[in-house]
K.L.:
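I have a structure here, written as structure tokens, and I will follow up with some questions on it.
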Amino acid sequence: MPRATGGFLERLDRGPVIGDGGFVFALEKRGYVEAGPWTPESVIENPEAVKQLHREFLRAGSDVCQAFTFYASEDKLKNRGNKAGDHGVYAINDHACKIVKEVTYPEGSLVAGGLSQTPTYISSGDKEQVQAEVRKQLQVFKDNEVDLMICEYYEHVEEAEWHVEAVKEFMPGVPVCASLCINETSDVHGVPTGECGVKLARAGADVVGINCHFDPFRCLEATKKMVKAVREAGFDKVHFMIQPLAYMTPDASVQGFIDLPEFPFALEPRICTRFEMAKYARESYAAGIRFIGGCCGFEPYHIRAVSEELSAERGGYLPHGTINWGKCLEKHTKPWVRARASRDYWENLNPGTGRPYSSSLSKCDAWGITKGHELVSQHEEATSTEELKKGIEFKRRVQKGVC
């Protein structure tokens, strides 16, 4: 069966729309993104790597591919000595748009432009300054006529509202999605999760939800709270989205997996299986969520599992490489492997980790600081030795319980 057709909101009205996965983590693992800044200058320096990842998510069933513009605001490209800003904010965002359009449109999928939280907000909190940073990116997306905008990865709903308002003003008529990287309880400033969803809807977002920082099932619980609150507030036409981590994070605190000691280089033992992703997709759809994708850690095979699980709801469309719950194993040479060719086997598997002495949970680095604290303030200069010393001293005090 072919992919669905039509505009973004039209597709959501008909059924589930599958997003793509996490580019910064996937490309960091492949050697094309620097951990720390997590900025997307690879769209200029290594465009073929970016194109190939887009192709893989498309083959896995993505209906919407997002331009690789995460953390591509001018202030972030220049933050703490990062040289990505030397390319220019317009050039990076423009290359990202042209790459994704070249690969995506021939496959019948849609293209999204993307915004995310800014160092300006966490340093100053000034609405005018934040929206000025946003507009520098928006001009590129307007020039490239993207199909929709995704405002994602906000720890504070206030900043997300400002971004949504700027998009609605600068790009009228373009559907706007808005998602927060918060838990089931509240954003980092303590605004309840359900109320956050209502605030985004009031700001003008057509789709609201949760992305990143937490595992699929914690993100699902948070998004359910938004669904309930938004519907009770009378926003009947607003849709919902979810783009979680591909890592299990039952032990993550308010700032999610960033607080885990394994972040970012030792998270692999937490990776979800494709069968957990199928469960996540089914439960998300049952909760009334229609834009379903992934964020950090999501590889194409995770999106393929989501796409396979919701095939019937998508008119029978199946992605390339479909495994059909292991039916392909019927061709294996070993009989005990052939015996695993069933949904019952994979749905009930309790996978081992191969690490008999590892812990199942970790103790978070719960520093409890955010906008307004001197250690969180951002700047263009490289992180100084004095700043590092202050951070180490603050960590020592946290561990002693004196903060």
Side-chain angles (χ1 to χ4, degrees), residues 4 6-23 57 62-72 93 96-97 100 104 109-117 134 137-138 141-142 144-157 159-182 187 193 196-213 219-220 222-223 226-227 229-230 235 237-244 284-285 287-296 298 303 306:
F8 177 61
L9 296 179
E10 179 186 352
R11 296 187 191 199
L12 286 176
D13 287 338
R14 289 202 306 258
V17 173
I18 308 303
D20 55 12
F23 268 63
F57 280 117
S62 295
D63 299 310
V64 173
C65 286
Q66 191 170 340
F68 184 32
T69 58
F70 180 78
Y71 269 171
N93 285 273
C97 288
V100 69
T104 300
S109 291
L110 302 175
V111 167
L115 300 173
S116 48
Q117 64 184 5
V134 171
Q137 283 187 271
L138 289 180
F141 301 131
K142 188 173 185 177
N144 280 277
E145 300 180 323
V146 297
D147 300 301
L148 64 141
M149 286 296 301
I150 299 177
C151 303
E152 64 176 0
Y153 197 75
Y154 302 94
E155 296 169 322
H156 312 85
V157 69
E159 184 179 13
E161 291 176 88
W162 296 350
H163 285 216
V164 170
E165 290 168 3
V167 177
K168 298 298 283 189
E169 178 185 354
F170 201 86
M171 301 175 68
V174 176
V176 180
C177 305
S179 60
L180 309 180
C181 52
I182 64 174
D187 78 349
T193 299
C196 286
V198 175
K199 285 178 175 289
L200 295 175
R202 286 189 179 137
D206 300 288
V207 184
V208 304
I210 299 291
N211 85 296
C212 205
H213 273 204
C219 284
L220 178 55
T223 309
M226 285 192 174
V227 173
V230 168
F235 293 96
K237 293 185 178 180
V238 169
H239 279 288
F240 300 93
M241 67 183 294
I242 183 168
Q243 294 181 317
S284 296
Y285 183 80
I289 302 165
R290 292 296 177 264
F291 188 19
I292 303 171
C295 201
C296 297
F298 260 75
I303 291 296
V306 171

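Atoms considered below: every heavy atom in the structure, side chains included; atoms not considered: hydrogens, waters and symmetry mates.
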K.L.:
Do you know the tightest heavy-atom contact between Val176 and Lys168?
P.N.:
CG2-CD, 3.5 Å

K.L.:
Mind listing the closest non-hydrogen atom pair of Pro175 and Asp206 along with its distance?
P.N.:
CA-OD2, 3.4 Å

K.L.:
For Glu145, does the CD atom sit with more than 12 other heavy atoms under 6.0 Å from it, leaving out its own atoms?
P.N.:
no

K.L.:
Taking all atoms of both residues into account, what is the closest heavy-atom pair of Ala178 and Val164, and its distance?
P.N.:
CB-CG2, 3.7 Å

K.L.:
Quick one: pull up NE2 in His213 and CD in Glu155 and give me the separation to the nearest 0.5 Å.
P.N.:
5.0 Å

K.L.:
Assess Arg290 against Tyr285: is NZ or CZ under 6.0 Å from the centre of the six-membered ring, and within 45 degrees of the ring's axis?
P.N.:
yes

K.L.:
Look only at the side chain of Asn144 and the backbone of Cys97, and say whether a donor-acceptor pair between them is shorter than 3.5 Å.
P.N.:
no

K.L.:
Is the Phe57 to Phe298 ring centre distance short of 6.0 Å?
P.N.:
no

K.L.:
Taking atom types as modelled, find out whether Gln66 and Asp20 have a side-chain donor-acceptor pair closer than 3.5 angstrom.
P.N.:
no

K.L.:
What do the steps show when you test Leu138 against Leu115 for side-chain contact (heavy atoms from CB on, under 4.5 Å), and what is the final call?
P.N.:
CA-CA 9 Å; Leu138 289 180; Leu115 300 173; 3.9 Å; yes

K.L.:
Under the criterion side-chain contact (heavy atoms from CB on, under 4.5 Å), I'd like the reasoning laid out for Trp162 against Val134: C-alpha separation, chi angles, the key distance, then a yes or no.
P.N.:
CA-CA 9 Å; Trp162 296 350; Val134 171; over 6 Å; no

K.L.:
Decide yes or no on side-chain contact (heavy atoms from CB on, under 4.5 Å) for Val167 and Val174, but give the supporting numbers first.
P.N.:
CA-CA 8 Å; Val167 177; Val174 176; 5.6 Å; no

K.L.:
Taking the side chain as C-beta and beyond, is there a heavy-atom pair between Ile210 and Ile182 under 4.5 Å?
P.N.:
yes

K.L.:
Looking only at atom types and distance, does a side-chain atom of Ser179 sit under 3.5 Å from a main-chain N or O of Glu152, one as donor and one as acceptor?
P.N.:
no

K.L.:
Kindly compute the distance separating CZ (Phe291) from CG (Leu148), expressed to the nearest 0.5 Å.
P.N.:
6.0 Å

K.L.:
Can you tell me how far SG of Cys296 sits from CG of Asn211, rounded to the nearest 0.5 angstrom?
P.N.:
8.5 Å

K.L.:
If every non-hydrogen atom of Val146 is compared with every non-hydrogen atom of Met171, which pair is closest and at what distance?
P.N.:
CG2-CE, 4.0 Å

K.L.:
Run the numbers on Lys237 and Asp13 for salt bridge (Lys or Arg N to Asp or Glu O under 4.0 Å), then give the verdict.
P.N.:
CA-CA 9 Å; Lys237 293 185 178 180; Asp13 287 338; over 6 Å; no

K.L.:
Kindly give the heavy-atom pair with the smallest separation between Val207 and Leu9, and that separation in Å.
P.N.:
CG2-CD2, 4.4 Å

K.L.:
Report the C-alpha distance between Val230 and Phe235 in whole Å, list the side-chain angles of each, state the deciding distance to 0.1 Å, and finish with yes or no for side-chain contact (heavy atoms from CB on, under 4.5 Å).
P.N.:
CA-CA 6 Å; Val230 168; Phe235 293 96; 3.6 Å; yes

K.L.:
Just verifying a value: how many Å separate Ile242 CD1 and Met226 CE, rounded to the nearest 0.5 Å?
P.N.:
10.5 Å

K.L.:
Check for a donor-acceptor pair, side chain of Ser109 on one end and backbone N or O of Val64 on the other, with a separation under 3.5 Å.
P.N.:
no

K.L.:
So, the side chain of Ser116 versus the backbone of Tyr153: is there a donor-acceptor pair under 3.5 Å, distance only?
P.N.:
no

K.L.:
Please confirm whether Phe170 and Phe141 have ring centers closer than 6.0 angstrom.
P.N.:
no

K.L.:
Would you confirm whether the ring centroid of Phe23 sits within less than 6.0 angstrom of the ring centroid of Phe70?
P.N.:
no

K.L.:
Any idea which heavy atoms bring Met241 and Thr223 closest together, and the distance?
P.N.:
O-CG2, 3.6 Å

K.L.:
Is there a donor-acceptor contact under 3.5 Å from the side chain of Asn93 to the main chain of Ala72?
P.N.:
yes

K.L.:
Taking only residues two or more places apart in sequence, or in another chain, which ones meet Glu165 in a side-chain hydrogen bond (donor to acceptor under 3.5 Å, both in side chains)?
P.N.:
Lys127

K.L.:
Find the distance between CD (Gln117) and CG (Leu180) and round it off to the nearest 0.5 Å.
P.N.:
10.0 Å

K.L.:
Would you compute the distance between atom CG of Leu200 and atom SG of Cys177 and round it to the nearest 0.5 angstrom?
P.N.:
11.0 Å

